Amino acid sequence: GAVWWVKYYRNGKAYRETVKRAVLRRWPGLLNPLAIRLHVTVFVHAPDRRARDLDNLGKGLLDSLKHAGVYADDSLIDPSLDSNEAAASD
């Protein structure tokens, strides 16, 4: 219950801030969020063989990129998440 949520929130908040710092290092002049259609491809490399819900794996990253000011609205994203592509690239 509540203990899990607090741990998740703290880890999620730290992750979001880490992504934001990485974005600002990569694009220091990023002043305004992009307001154009974007195609985002997320390659997933799982640390173990446990089953995962692919629909949720990219959510934290996409939310963090929005928080960092990369894009203005989630509706601009055309996501592509394919575990087969990731496995084939190993």
Side-chain angles (χ1 to χ4, degrees):
V3 172
W4 177 86
W5 175 250
V6 168
K7 181 179 178 185
Y8 174 79
Y9 176 76
R10 286 182 184 152
N11 291 342
K13 189 174 179 182
Y15 176 74
R16 191 169 65 177
E17 292 304 315
T18 299
V19 170
K20 185 174 184 175
R21 284 191 304 274
V23 164
L24 293 175
R25 275 195 312 270
R26 176 66 175 94
W27 296 291
L30 183 66
L31 301 176
N32 297 310
L34 299 170
I36 57 173
R37 301 257 354 128
L38 301 166
H39 178 83
V40 176
T41 301
V42 177
F43 293 97
V44 177
H45 296 276
D48 55 42
R49 295 188 175 271
R50 287 183 297 149
R52 288 174 169 74
D53 184 358
L54 289 179
D55 294 338
N56 293 328
L57 289 176
K59 184 172 176 23
L61 174 61
L62 294 175
D63 288 348
S64 296
L65 290 171
K66 181 180 176 194
H67 173 76
V70 173
Y71 58 88
D73 189 85
D74 292 342
S75 66
L76 298 170
I77 302 296
D78 294 325
S80 172
L81 184 64
D82 188 344
S83 63
N84 292 331
E85 286 180 11
S89 67
D90 286 338

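Small disclaimer: the values here were computed from a predicted structure and weren't measured.
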Residues passing the side chain to side chain contact (heavy atoms under 4.5 Å, CB included) test with R26, sequence neighbours excluded, are none
Between L34 and L76 the two heavy atoms that sit nearest each other are O-CD1, 3.6 Å
Residue pairs meeting salt bridge (charged side-chain N to carboxylate O under 4.0 Å, His left out), one or both in residues 30-43, sequence neighbours left out, come to R37-D78
Here the gap from D73 atom CG to L38 atom CG, rounded to the nearest 0.5 Å, amounts to 11.0 Å
Sorted by chain and number, sequence neighbours left out, side chain to side chain contact (heavy atoms under 4.5 Å, CB included) with N32 holds for none
d(L24 CG, L30 CG) to nearest 0.5 Å is 7.0 Å
Side chains of residues 60-72: which donor-acceptor pairs under 3.5 Å do they make with residues two or more places apart or in other chains?
residue : atom : partner : partner atom : Å
D63     : OD2  : K59     : NZ           : 3.0
S64     : OG   : G60     : O            : 2.8
H67     : NE2  : E17     : OE2          : 3.2
Y71     : OH   : L62     : O            : 2.4

Sorted by chain and number, sequence neighbours left out, salt bridge (Lys or Arg N to Asp or Glu O under 4.0 Å) with D48 holds for R50, R52
Taken in chain and number order and not counting sequence neighbours, the residues that satisfy side chain to side chain contact (heavy atoms under 4.5 Å, CB included) with R25 are R21, A22
Next on the checklist: Taking L31 as the starting point, is it possible to reach V23 by hopping between hydrophobic residues whose side chains are less than 4.5 Å apart?
Outcome noted: no
